[in-house]
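Shown next, in structure tokens, is the structure this report addresses.
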Amino acid sequence: MSVVVRFPPSPTGYLHIGSARTALFNWLYAKRMGGKFLLRIEDTDQARSTPEAVAAIFEGLKWLELKWDNDPVPFQMQSQPRHAAVADDLLRQGKAYYCYCSPEELEAMREEQRARGDMIRYDGRWRDRDPKEAPAGIKPVIRLKAPQTGATTIHDQVMGTITVQNSQLDDMVLLRSDGTPTYMLSVVVDDYDMGITHVIRGDDHLTNTFRQVQILQAMGWPVPVYAHLPLILGPDGQKLSKRHGAPAVSDYRDRGYLPEAMRNYLLRLCWSHGDDEIIPTTQAIQWFDLGHIGQSPARFDFAKLDSINAHYIKHMDDAALMEAVRPFVQKHLARPLSAAENEKLLAAMPLFKPRIKTLVELAAATAFLCQPPVLDDDAKALLTAEALGHVAALSEQLMTALVWDSASLEGMFKHYAAEKNIKMPQFMPALRALVCGTPHAPSLAALLTILGRDESVKRLGAHAL
RNA sequence: GUCCCCUUCGUCUAGAGGCCUAGGACGCUACCCUUUCACGGUGAAAACACGGGUUCGAAUCCCGUAGGGGACGCCA
């Protein structure tokens, strides 16, 4: 049997990073097994669903390069009639019933249960009652006539075999009084209709699973394989939220993380392959399995994400990296890049890519190649009278240098130091400060080569008085 | 409150009864390299939540305690 998995987000906001991890695991499993990865928009909560949120889901998945295999993507609202038909079917079979409780009546019931310290659950008061006794003016809901004795067991691929006594579960609502299906009904029906074989989702759905299995059993449908992933927590161990700064997938894109690095980091949260840390996606597809998913929640660690991102940037092809960083540079400069600037930056990629962690940092670190540097305080502090004297002397030499390449310039600096019988640190930091605007930069000779003679001399001359 | 799940260095994790003097990675830290900052290299510190069992032997199996998380909606 071929594997079919799905990712069913509800469009009520941004695409959460935890959801993205769930999407990734589903996608990897489909790839690994040669199966299908289906997307479905769960928009049955019409009050909270928005087109913007739908767009954010598509965008987020595209950015992460997780392609879904079904286009057009189904929206759950479209199959509402089908869901209602299933509820009716259960009603006819005597496996479901009308409940005429008003919301107020239910609230009163729960309040009483709370007061007594009982379990909070629907007590089945309409389960065996004659619908003829229905009060006027109340539109009923349809509830599942769930088994009251025995137990329901699931064999979760991550959490193991779990059993819950049916007495713990109540008769859940299948169809609301306005005729729309609840989440419990619609997931089960849609998963069945789409031929889903494996349900891989967040741990927060674990207890829902027992209810869903009861619906499946009532309909006589096969139970899919379940795998519940532990949640991703914030750095403080609490639920990951806006408080932690970056709950949305788009936040990571904007902060200059690479999609491949995100996939690698997210993969290593709750999943492992021995001691391997750097796992490119092509490799992950060959290794991924349900058996090595951990059972405990993981905290999000930005420092580790940074280090993985740095690794992928360092090993990225220069041209591809230039493409990736261009929007960030343009944003930093607040203007488009000229062809000449593009060339300069491309040439600078090998110099900068081992030293930064994100595309945002890369853009900031290379901006001085495209505009005159503004000297920061650390840079200014290096401009002592003595150092500036050397700068003036070197400026002269640079103007008349016969060859303008990295090795020659390097030689010139060394020769100058030897000639004057001084150390490189006595003048190099000042040169660097004037050219780059900061004391921290790659090899100066290489930078001057990229910058060109005119611009280099101009920057030195402007201050070397 | 009830039910369910979880618990190895600060963090992510390896670990399927003897290979564990508990390994790796990030972070932290010391040193080396060095024209600065990085990169890189070599080291250091750092964990089996606690208490009982089972066993010749337990991080690994069982029970309890504590802590954390999740679920208890006509939300998904």
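Chain letters run A, B, ... following the sequence lines, proteins first, then strands; residues in each count from 1.
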When the distance from [atom1] of [X] to [atom2] of [N] is rounded to whole Å, what number comes out?
| X | N | atom1 | atom2 | result |
| --- | --- | --- | --- | --- |
| A/F7 | B/rA76 | CZ | C1' | 12 Å |
| A/R211 | B/rA71 | CZ | P | 13 Å |
| A/E107 | B/rC72 | CD | C1' | 13 Å |
| A/H228 | B/rC4 | NE2 | P | 16 Å |

Checklist entry - Looking at B/rC74, does its base get a donor-acceptor pair with the side chain of A/S177 below 3.5 Å? => result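 Indeed, a donor on one side and an acceptor on the other fall under 3.5 Å apart.
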Item to check | Base of B/rU35 paired with side chain of A/S443 (donor-acceptor, under 3.5 Å) | outcome: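 Between B/rU35 and A/S443, which were checked side chain against base, a qualifying N/O pair under 3.5 Å is present.
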Hunt down the Watson-Crick or G-U wobble partner of [N], both distances under 3.5 Å, from any strand shown, or write none.
| N | result |
| --- | --- |
| B/rA71 | B/rU2 |
| B/rC19 | none |
| B/rA66 | B/rU7 |
| B/rC61 | B/rG53 |
| B/rA44 | none |

Give [X] one of three labels, base, sugar-phosphate or nothing, depending on what nucleic acid heavy atoms sit under 4.0 Å from its own.
| X | answer |
| --- | --- |
| A/K239 | sugar-phosphate |
| A/D178 | nothing |
| A/Q238 | sugar-phosphate |
| A/V141 | base |
| A/M428 | base |

Could you run down the sub-3.5 Å N/O contacts of the protein with nucleotides 44-50 of chain B?
none

In whole Å, what separates the [atom1] atom of [N] from that of [M]?
| N | M | atom1 | result |
| --- | --- | --- | --- |
| B/rC4 | B/rG40 | P | 48 Å |
| B/rA16 | B/rU7 | P | 16 Å |
| B/rG67 | B/rA49 | P | 16 Å |
| B/rC74 | B/rC12 | C1' | 41 Å |
| B/rA71 | B/rC9 | C1' | 32 Å |
| B/rA47 | B/rC26 | C1' | 15 Å |
| B/rG15 | B/rA22 | C1' | 9 Å |
| B/rU11 | B/rA46 | C1' | 12 Å |

Checklist entry - Which nucleotide sits closest to the side chain of A/T182: B/rA76, B/rU35, B/rG70? => result B/rA76
Restricting to ring pair (Phe, Tyr, Trp, His ring centres under 6.0 Å), what partner residues turn up for [X], sequence neighbours left out?
| X | result |
| --- | --- |
| A/H198 | A/Y29 |
| A/F288 | A/F25, A/W271 |
| A/W287 | A/H273 |
| A/F75 | none |

Between [X] and [N], is there a side-chain N or O to OP1/OP2 distance below 4.0 Å?
| X | N | value |
| --- | --- | --- |
| A/R110 | B/rG73 | yes |
| A/R143 | B/rC74 | yes |
| A/Q295 | B/rC6 | yes |
| A/T44 | B/rA76 | yes |
| A/Q168 | B/rC72 | no |

Next on the checklist: Show every salt bridge (charged side-chain N to carboxylate O under 4.0 Å, His left out) that has at least one partner inside residues 13-25 of chain A, sequence neighbours left out.
Outcome noted: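 For residues 13-25 of chain A: none.
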Next on the checklist: With a 6.0 Å cut-off on the ring centroids, do A/F300 and A/Y265 count as close?
Outcome noted: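 Yes, close enough.
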Checklist entry - Do A/Y97 and A/W126 have ring centres separated by under 6.0 Å? => result no
Could you list the protein-to-nucleotides 9-17 of chain B atom pairs, N/O on both sides, closer than 3.5 Å?
residue, atom, partner, partner atom, Å
B/rC12, OP1, A/R299, N, 3.0
B/rC12, O2', A/R268, O, 2.9
B/rC12, O2, A/K304, NZ, 3.3
B/rU13, OP1, A/C270, N, 2.4
B/rU13, O3', A/S272, OG, 3.3
B/rA14, OP1, A/S272, OG, 2.7

Next on the checklist: Tell me which pairs pass side chain to side chain donor-acceptor pair (under 3.5 Å) where either residue lies in residues 428-448 of chain A, with sequence neighbours left out.
Outcome noted: none
Next on the checklist: Pick the closest RNA chain B nucleotide for A/Y100 and for A/L206 by heavy atoms, then say which residue is nearer the 5' end.
Outcome noted: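 With A/Y100 and A/L206 compared, the 5'-side residue is A/L206.
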Item to check | Whichever of A/T207 and A/P442 has its nearest RNA chain B nucleotide further upstream toward 5' | outcome: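 Result of the comparison: A/P442.
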Contact list (N/O, under 3.5 angstrom) for nucleotides 38-40 of chain B vs protein:
residue, atom, partner, partner atom, Å
B/rA38, O2', A/R355, O, 3.3
B/rC39, O3', A/K314, NZ, 3.1
B/rG40, OP1, A/K314, NZ, 3.0

Only counting residues at least two apart or in another chain, list the ones meeting salt bridge (Lys or Arg N to Asp or Glu O under 4.0 Å) with [X].
| X | value |
| --- | --- |
| A/R114 | A/E107, A/E111 |
| A/R453 | none |
| A/K304 | A/E277 |

Next on the checklist: On the six-membered ring of A/Y122, is A/R143 placed so that its NZ or CZ lies under 6.0 angstrom from the centre and within 45° of the ring axis?
Outcome noted: yes
Checklist entry - Which of these passes side chain to side chain contact (heavy atoms under 4.5 Å, CB included) with A/Q214: A/T209, A/D171, A/L144? => result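 One option only clears the test, and that one is A/L144.
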Item to check | Distance-only side-chain donor-acceptor flag, A/Q212 / A/D191, under 3.5 Å | outcome: no
